[in-house]
Number of protein chains: 2
Amino acid sequence: MATGRTHRPATRSRGIPEATVARLPLYLRALTALSERSVPTVSSEELAAAAGVNSAKLRKDFSYLGSYGTRGVGYDVEYLVYQISRELGLTQDWPVVIVGIGNLGAALANYGGFASRGFRVAALIDADPALTGKPVAGIPVRHSDDLEQAVRDNGVSIGVIATPAGAAQQVCDRLVAAGVTSILNFAPTVLNVPDGVDVRKVDLSIELQILAFHEQRKAGEEAAADTALPAAAAAAVREQSADQVSADQGPDGDVPAVMPA
Amino acid sequence: MATGRTHRPATRSRGIPEATVARLPLYLRALTALSERSVPTVSSEELAAAAGVNSAKLRKDFSYLGSYGTRGVGYDVEYLVYQISRELGLTQDWPVVIVGIGNLGAALANYGGFASRGFRVAALIDADPALTGKPVAGIPVRHSDDLEQAVRDNGVSIGVIATPAGAAQQVCDRLVAAGVTSILNFAPTVLNVPDGVDVRKVDLSIELQILAFHEQRKAGEEAAADTALPAAAAAAVREQSADQVSADQGPDGDVPAVMPA
DNA sequence: ATGTCTTTGTGAACGCGTGCACAAAGATGG
DNA sequence: CCATCTTTGTGCACGCGTTCACAAAGACAT
């Protein structure tokens, strides 16, 4: 989900399809669970069920990494965990900086999944001077002025933006200028970044709207009638409802934002 | 991102492609911003730039909704806001229940974007008796025992799961049994749901891992050398690194979880 | 009215991702 | 050592989504 200005050709780095990369963490999670139960091997069928995917798809995904299975037996769990971890770059340490320590930012800082798998919260940044120095999840919050310093000192290449939408682009620019090349964006805005910088978007509002769409479809097919409402009626309803919509809209574009695409 | 057991054929309800539905909220956000600035019309080119997509794609997306543009002029902003809102089902009220009021659940409850666009937090649920009755974002937390009651009384059809992974499936089952047919899942688990129930997954850990993958690619192509490491060396490194990986893994599968797929 | 200019709406081609179905590979038992 | 059985790895076809490129439609000026 790179949202850059220029079109990025679905980064198939070294031949591994983007869709496959997106599923590797899923496999890894399932494999880790098996590993903890000391299960030595799994078949593609079993693992696929655990990961919630098709077994043929899983086998094809693994085939991009190499031939790590044994026919008639399945895959060695420990070995596969290692291979996928290495492929995802999880065998190294990834210092991360979180900008915007509001409700969401604090939740992220406290997120346990952060610490595991090689991700380490190197710094917390917030523009509010009242927060400066206060520890969140055991890490003292630093002021925005220290952003560049924090990024450079820790060799941070991954930044998380959890600020209000209005500040997101500016924060993004500063992160990128300081050397960050991957951004996880929770602010409800489209970020413009130069080539070579990856952006992934997480937007709760969008997720809910998509669910609402399907919910509406499920709830009433009888509403399909006024979908094809005549032009005259549509024009009539236009002003009335447009006002109504924007009226109770609230400050949507300014909330801290929450989720993925 | 329906993660059900059975394969769901990419729900193209009434002919609107899933990919288009996922972009509609993006357009809506851009249009709302224009509306607030009292801009009367936009061309597909301008709007596409604001939403960060290709203009041809945007036009095709809109063509699925109908012919709402005027050639030589563009699209009427207010009218389009209304049409998209209606298509997404945002003209009606959507009561939502949030289960699991930890760091993340609380952040979600406080999320401003919730209130706008027709989403209303109808109830907060948590298993911890210590939280029961305490207000979060102005809404008193109710105990898990009240889950079914809360869903039924409010006519909730959308549920948000922000519990630890271990509790997610059980909570999911109860939500579904109580009548919920759309679920936004923040727990790092694959949820099994019956047909007709939509699940969207939001998983911070996965997003970070995907970023790490690309980051690794960017950082070193010289590491490509040991990618094709000989079988012997691979086998040797196997145990060592496998142990290492699972050792500093931490309780990953149990954290409250955070994001999308 | 007529011509020009802008912008939409869409036909068609292309590429990626998915899933089927099967051959090859290896384990296992006799 | 051979036969059988299991499970991987993949060739192939299909369908969705994206993009190009252009004809049709309307605005606007003369």
Side-chain angles (χ1 to χ4, degrees), chain A residues 1-4 6-24 26-27 39-49 51-77 79-80 83 210 231 261, chain B residues 1-24 26-27 39-77 79-80 83 210 231 261:
Chain A
M1 176 107 326
T3 327
T6 56
H7 176 59
R8 206 168 292 101
T11 324
R12 177 179 290 206
S13 324
R14 223 266 312 307
I16 300 184
E18 188 61 26
T20 295
V21 173
R23 280 188 296 267
L24 289 182
L26 225 51
Y27 302 146
V39 177
T41 61
V42 261
S43 68
S44 63
E45 204 68 49
E46 293 167 324
L47 187 54
V53 303
N54 185 295
S55 71
K57 194 187 297 184
L58 178 142
R59 286 198 300 275
K60 182 150 289 189
D61 283 342
F62 285 175
S63 77
Y64 291 116
L65 308 184
S67 285
Y68 294 148
T70 305
R71 299 178 189 226
V73 176
Y75 299 91
D76 182 294
V77 173
Y79 187 46
L80 206 45
Q83 290 298 344
I210 295 172
Chain B
M1 176 107 325
T3 327
R5 178 183 285 103
T6 57
H7 176 61
R8 205 168 291 99
T11 324
R12 179 180 286 209
S13 324
R14 222 268 311 306
I16 299 183
E18 188 60 27
T20 295
V21 173
R23 280 188 295 268
L24 290 181
L26 224 52
Y27 302 145
V39 177
T41 60
V42 263
S43 67
S44 63
E45 204 69 51
E46 294 167 323
L47 187 54
V53 301
N54 184 296
S55 71
K57 193 188 297 187
L58 179 142
R59 285 198 301 275
K60 182 146 288 190
D61 283 342
F62 285 174
S63 78
Y64 291 116
L65 308 184
S67 286
Y68 295 148
T70 305
R71 299 177 189 227
V73 176
Y75 298 91
D76 182 295
V77 172
Y79 187 46
L80 207 45
Q83 290 298 343
I210 294 173

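Numbered from 1 within each chain, the chains take letters A, B, ... in sequence-line order.
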*Round to the nearest Å and state the distance from B/L58 atom CG to C/dG9 atom C1'.*
12 Å
*Point-to-point distance, once rounded to the nearest 0.5 Å, from CG of B/D61 to CG of B/N54*: 10.0 Å
*Going by modelled atom types, is there a donor-acceptor pair between the base of D/dT8 and the side chain of A/R71 at under 3.5 Å?*
yes
_Approximate separation, where rounding is to 0.5 Å, of A/Y75 OH and A/L58 CG_ = 6.0 Å
_Centroid separation under 6.0 Å, is that true for the rings of B/Y68 and B/F62?_
no
*Take atom OH of B/Y79 and atom C1' of C/dT8, then tell me their distance rounded to the nearest Å.*
15 Å
*asked:* Using a 4.0 Å heavy-atom cut-off, does B/F62 contact any base of the nucleic acid, only the sugar-phosphate backbone, or nothing at all?
replied: nothing
*With respect to the side chain of A/E18, which nucleotide from D/dA27, D/dG17, C/dG17 is positioned closest?*
C/dG17
_Please pick, from D/dG9, D/dT18, D/dT8, the nucleotide with the shortest atom-to-atom distance to any side-chain atom of B/A19._
D/dT18
*asked:* Could you tell me how far apart A/Y64 (OH) and D/dG9 (P) are, to the nearest whole angstrom?
replied: 13 Å
*What distance separates A/T41 OG1 from A/E46 CD, expressed to the nearest 0.5 Å?*
7.5 Å
*A/S44 side chain near D/dT7 phosphate (N/O to OP1/OP2, under 4.0 Å)*: no
_Rounded distance in Å - NZ (A/K60) to P (D/dG11)_ = 8 Å
_What's the separation between atom CD1 in A/I210 and atom CD in B/E18, rounded to the nearest 0.5 Å?_
6.5 Å
*Mind calculating the distance between CG (A/N54) and P (D/dG9) to the nearest angstrom?*
15 Å
_Interatomic distance, B/Y75 OH vs C/dG9 C1' [rounded to whole Å]_ = 7 Å
*For B/L65 and C/dT8, give me the distance from atom CG to atom P, rounded to whole Å.*
15 Å
_Length of the NZ-P vector between B/K57 and C/dT10, whole Å_ = 18 Å
*Between A/T20 and B/G72, just flag the one whose closest nucleotide in DNA chain C comes earlier from the 5' side.*
B/G72
*Does A/R59 place a side-chain N or O at less than 4.0 Å from the phosphate oxygens OP1/OP2 of D/dG11?*
no
